[in-house]
Student: 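If you scroll down you'll find the structure; I have some questions about it.
Note: hydrogens, waters and symmetry copies are ignored here, and every other heavy atom, side chains too, is used.
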Amino acid sequence: MRWSKVGLTEEEYKLVETILGRSPNDLELALYGVMWSEHCSYKNSRLVLRRFPVTGPRVVQGPGENAGVIDIGDGLKVVFKMESHNHPSAIEPFQGAATGVGGILRDIFTMGARPIALLDSLRFGSLQSERTRHLLGGVVGGIAFYGNCIGVPTVGGEVYFEEAYQDNPLVNVFCLGILEKGQIIRGQATGIGNPVLLVGARTGRDGIQGASFASEELSEDSEERRPAVQVGDPFMEKLLLEATLELKETGLILGLQDLGAAGLTSAASEMAARAKNGLELDVLRVPRREEGMSPYEVMLSESQERMLLAVEAGKEAEAQKIFQKWGLEAAVIGQVTGDGFFRVKEGERVVAEVPVSSLADQAPVYRRASREPDYLKETRALDLTSLPEPTDYNDALRKLALSLNLVSREWIYQQYDYMVRTNTVLRPGADAAVLRLKGTKKGIAVSTDGNGRYVYLDPLIGGASAVAEAARNVVCTGAEPAAITNCLNFGNPMKPEVFWQFEKAVDGMSQACRALGTPVTGGNVSFYNETSGQSIYPTPVVGMVGVLEDIDQMVTPGFKHPGDVIVLLGETREELGGSEYLKVIHSRVAGPPPELNLEKEKDIQALCLKAIRAGLVASAHDVSEGGLATALLESCLAGNLGARVSLPGDLGGMGASMGSGRQEARPVEESPTPRLQEGQGLTSIRRDALLFGESQSRILLSLRPDRLPRLLEMARAGGVPIYRLGEVAEERLLQIRLMGENLIGLDLSELEPVWRIKLAVMLGDR
């Protein structure tokens, strides 16, 4: 049927007929097909996304524009956004990832900001697979190629390997820019009679129907969709960036929009709809790099490095002169109208004419059926009493540290130029990246986080934990969490179990954002991450932005001085569900993920920040995947030192009892926010849970012994549990004793070389 070829249902086709009062022609039908796709309209997610908090004292621009904007004072604004390029990267990993970088960069500089940093969040299947090695190499190569060529550093990110992503990798890219002066540019076509110009690269046939491709499951036939994957040119984008920022200084720009998904169709109709105007375009005026292109191909092409610009009538030549200076074309292809119609012409012939609002704003909105998945009955049934403890804890920690989810990512980030522009202060490999803002004392901390395994096991807690960990990571640098963007990667929303995962994850994220004061400024929903009916783990990824008022107070995760005291903030509980330990040592993905009390999370983050700002802290590191023993190991490796730890720690009776005055915990489903069970003492839980459990809301600190009394006072005042664990050692050994028994004695000089190069070895690069 006609409608199915463009991704519409029969009911949606009938709605189009009702809107038009007639049957659409083939081009008009294609326009609705791309604009009403999930990728462009969010028709299956829009109602749920409204649950996010989107306002706050720093928020200047929330969802609805090319990127979100926050005000950080001193006349500075931070512009940031995160998006996915999953399907294209599964088919053509190099170009899929490269054009993902190009698209997110344009989202930032179309707002008038200069991009200063990129981060990525990647998921792949088993590296035992030749296909996975091909995908990883291509994706990393594409990100490095585009970012390095355009001169924007890739300063951090994350990568995880799980069987659930075997056929459907995730490639999420975050970009941040700085707006130092002037107004934000918005994607609006204002002023009836004003011209619109298509600027940048010429239009070709690459990427046609890319938005529809992103709104369907992958299958054995997906390889045939390679034409739906665009081809990027970072050198062209660099010229476009500089020309745009120069043009902004002239005040000529009335509106500017990136040509991303659905190309010219999306950019033009959305610009007109935001201004409540109409728009008329002539496809014969569109500069092309291929002969014989039809109106259909011109309007649906997703050729990269293109933007649509609205200027005041009579100012076209002035704008074109600036683009010509940079060697770029800027062709007047149409004008703003007052009749509310989106009209496409081929010379004098009208080839499509539909109401603008029907394309951009009137896609049907659905609330899909929602049902808890049956698999949870099995995964929740984790009986720790039947789980044997390791007989050799040294061996267990070595295996855990050398798992692919915990080894060094050097092979990846060494391919990125993460120092270009010389703003990078804290490099890849830490909890968060930190960038200086030249000419000020301020810094920006950024982190991307998301644990799909947690969300698979409990999407409410998993969604909240993604926000909490991202906030904790920027706090560990000394930055105050300010706002988030996100990428919500899920399977087919038509399946009730998938939609349930999506709803619960958004609820958890929303609760955490409200509790921590980090509103959502925008993001991206990526559904249909399935191959032949097999879904990925539900994977919401959080891009967190934090602000350092004084970058000289920045803290890093590595231990600094032999003799420094090591302390742990937060409670450790008997929790192994969803842990890396359970997967690596026991080959199981089961149990509830670690619980989360957002009040306690906020208190612990506040204490850490206060201590850093008071100059007490030498190092700070989030305790997450791999648990306490892994966090200790990572701080040793980062500081090129060792540690002597003796458990249980004692700080004059402080510990789990510090939190006992808090409100009693309730089951998560009955509570307005995800909450913890009450904590347990360090000696009353299993040894493997103590060392490798991933209890939330914990931060590992080191500090000089003479500063410890003041930290204790702060902890008491804030009601935060705190444990003295041991001290930093000059000898590169990690020693952990429990109740007088030597559990771990690991020679770091032997472990580190393998930990550092294992990823490269697996990829055949060593």
Student: Considering residues at least two apart in sequence or located in another chain, which fulfil the ring-ring contact (aromatic ring centres under 6.0 Å, His included) criterion with F490?
Tutor: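 Checked F490 against ring-ring contact (aromatic ring centres under 6.0 Å, His included); matches are F502.
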Student: Mind jotting down which residue pairs meet the salt bridge (charged side-chain N to carboxylate O under 4.0 Å, His left out) criterion with at least one end in residues 135-146? Sequence neighbours excluded, please.
Tutor: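 Matches after skipping sequence neighbours: none remain.
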Student: If the condition is side chain to side chain contact (heavy atoms under 4.5 Å, CB included), which residues does A330 pass it with, not counting sequence neighbours?
Tutor: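 If we apply the side chain to side chain contact (heavy atoms under 4.5 Å, CB included) test to A330, skipping adjacent residues, the hits are L197, V199, Q320, F323.
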Student: Among residues two or more places apart or on two chains, list those pairs meeting salt bridge (charged side-chain N to carboxylate O under 4.0 Å, His left out) that have a residue in residues 323-335.
Tutor: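 Every salt bridge (charged side-chain N to carboxylate O under 4.0 Å, His left out) pair that includes a residue of residues 323-335, provided the two are not neighbours, is R202-E329, E246-K325.
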Student: With no hydrogens and no angle check, is any side-chain donor or acceptor of D449 less than 3.5 Å from a backbone partner on A466?
Tutor: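 No; zero donor-acceptor contacts below 3.5 Å.
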Student: Which pairs with one or both residues in residues 419-431 pass salt bridge (charged side-chain N to carboxylate O under 4.0 Å, His left out), sequence neighbours excluded?
Tutor: none
Student: Ignoring hydrogens and angles, state whether a donor on the side chain of Q304 or D233 is under 3.5 Å from an acceptor on the partner side chain.
Tutor: no
Student: May I ask you to test the D107-E83 pair for a side-chain heavy-atom distance under 4.5 Å?
Tutor: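 Answer yes - side chains close enough.
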Student: Taking all non-hydrogen atoms of both residues into account, name the closest pair between M509 and P540 and its distance.
Tutor: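 Minimum heavy-atom separation between M509 and P540: SD-CB, 3.6 Å.
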Student: For N277, check side chain to side chain contact (heavy atoms under 4.5 Å, CB included) against everything at least two apart and list the hits.
Tutor: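 For N277, the residues satisfying side chain to side chain contact (heavy atoms under 4.5 Å, CB included) (neighbours in sequence not counted) are I192, A275, V336.
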Student: Between the side chains of K43 and E38, is the shortest nitrogen-to-carboxylate-oxygen separation below 4.0 Å, so that they form an ion pair?
Tutor: no
Student: Is the backbone of Y418 close enough, under 3.5 Å, to the side chain of Y413 for a donor and an acceptor to pair up by distance?
Tutor: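 Checked: no pair found.
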Student: Does E65 have any salt bridge (charged side-chain N to carboxylate O under 4.0 Å, His left out) partners at least two apart in sequence or in another chain, and if so, which?
Tutor: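 None.
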Student: Any luck finding a side-chain donor-acceptor pair between R123 and T539 under 3.5 Å?
Tutor: no
Student: Checking R133 side chain against L127 main chain: does a donor-acceptor pair fall under 3.5 Å?
Tutor: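 Side chain of R133 to backbone of L127: a pair is present.
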Student: Which heavy atom of E290 sits nearest a heavy atom of M293, and at what distance?
Tutor: O-CG, 3.7 Å
Student: Just by distance, do the side chain of R274 and the backbone of G187 share a donor-acceptor pair under 3.5 Å?
Tutor: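 Between the backbone of G187 and the side chain of R274 there is a qualifying donor-acceptor contact (under 3.5 Å).
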Student: Does a donor on one side chain sit under 3.5 Å from an acceptor on the other, for T99 and Q95?
Tutor: no
Student: Just checking, is any N or O donor in the side chain of N529 or N489 under 3.5 Å from an acceptor N or O on the other one?
Tutor: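 Result is no, nothing qualifies.
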Student: Is there a donor-acceptor contact under 3.5 Å from the side chain of E316 to the main chain of G314?
Tutor: yes
Student: One thing to verify: whether D206 and R289 come together as a salt bridge, which I'm taking to mean a side-chain N less than 4.0 angstrom from a carboxylate O.
Tutor: yes
Student: Any side-chain to backbone donor/acceptor pair from N148 onto Y416? Under 3.5 Å, distance only.
Tutor: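 A pair under 3.5 Å: no.
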Student: Looking only at heavy atoms, what is the nearest atom pair of L135 and P93, with distance?
Tutor: O-CB, 3.7 Å
Student: Considering only residues two or more places apart or on different chains, which pairs with a residue in residues 71-80 satisfy salt bridge (charged side-chain N to carboxylate O under 4.0 Å, His left out)?
Tutor: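 Sorted pair list: D74-K442.
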Student: Side chain of H87, backbone of Y528: donor and acceptor closer than 3.5 Å?
Tutor: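 Yes, H87 side chain to Y528 backbone: donor-acceptor pair under 3.5 Å.
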Student: Tell me, please, which residues at least two apart from A67 pass side chain to side chain contact (heavy atoms under 4.5 Å, CB included).
Tutor: V79, K81, I108, M111
Student: Parallel, tilted or perpendicular: which fits the ring planes of F94 and F145, with parallel below 30° and perpendicular above 60°?
Tutor: tilted
Student: Under the side chain to side chain contact (heavy atoms under 4.5 Å, CB included) rule, collect the residues that match up with L284, sequence neighbours excluded.
Tutor: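 Partners of L284 by the side chain to side chain contact (heavy atoms under 4.5 Å, CB included) criterion, ordered by chain and then number, come out as D282, R288, E346.
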Student: Could you tell me which residues satisfy ring-ring contact (aromatic ring centres under 6.0 Å, His included) with F342, sequence neighbours excluded, listed by chain and number?
Tutor: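 Once residues adjacent in sequence are excluded, F342 has no partner under the ring-ring contact (aromatic ring centres under 6.0 Å, His included) criterion.
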Student: Of all heavy-atom pairs between L136 and L763, which one has the smallest distance, and what is that distance?
Tutor: CD2-CD1, 3.6 Å
Student: Taking S266 for its side chain and G263 for its backbone only, find out whether a donor-acceptor pair lies under 3.5 Å.
Tutor: no
Student: Quick one: ring-ring contact (aromatic ring centres under 6.0 Å, His included) partners of F124, sequence neighbours excluded?
Tutor: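 Once residues adjacent in sequence are excluded, F124 has no partner under the ring-ring contact (aromatic ring centres under 6.0 Å, His included) criterion.
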Student: Taking E242 for the side chain and K238 for the main chain, is one N or O donor matched with an acceptor at less than 3.5 Å?
Tutor: no
Student: Going by atom types only, do N524 and S84 share a side-chain donor-acceptor pair under 3.5 Å?
Tutor: yes
Student: For residues T518 and M544, determine if any side-chain heavy atom of one lies less than 4.5 Å from a side-chain heavy atom of the other.
Tutor: yes
Student: Distance-only, no hydrogens or angles: does the T521 side chain make a donor-acceptor pair with backbone N or O of G62 under 3.5 Å?
Tutor: no
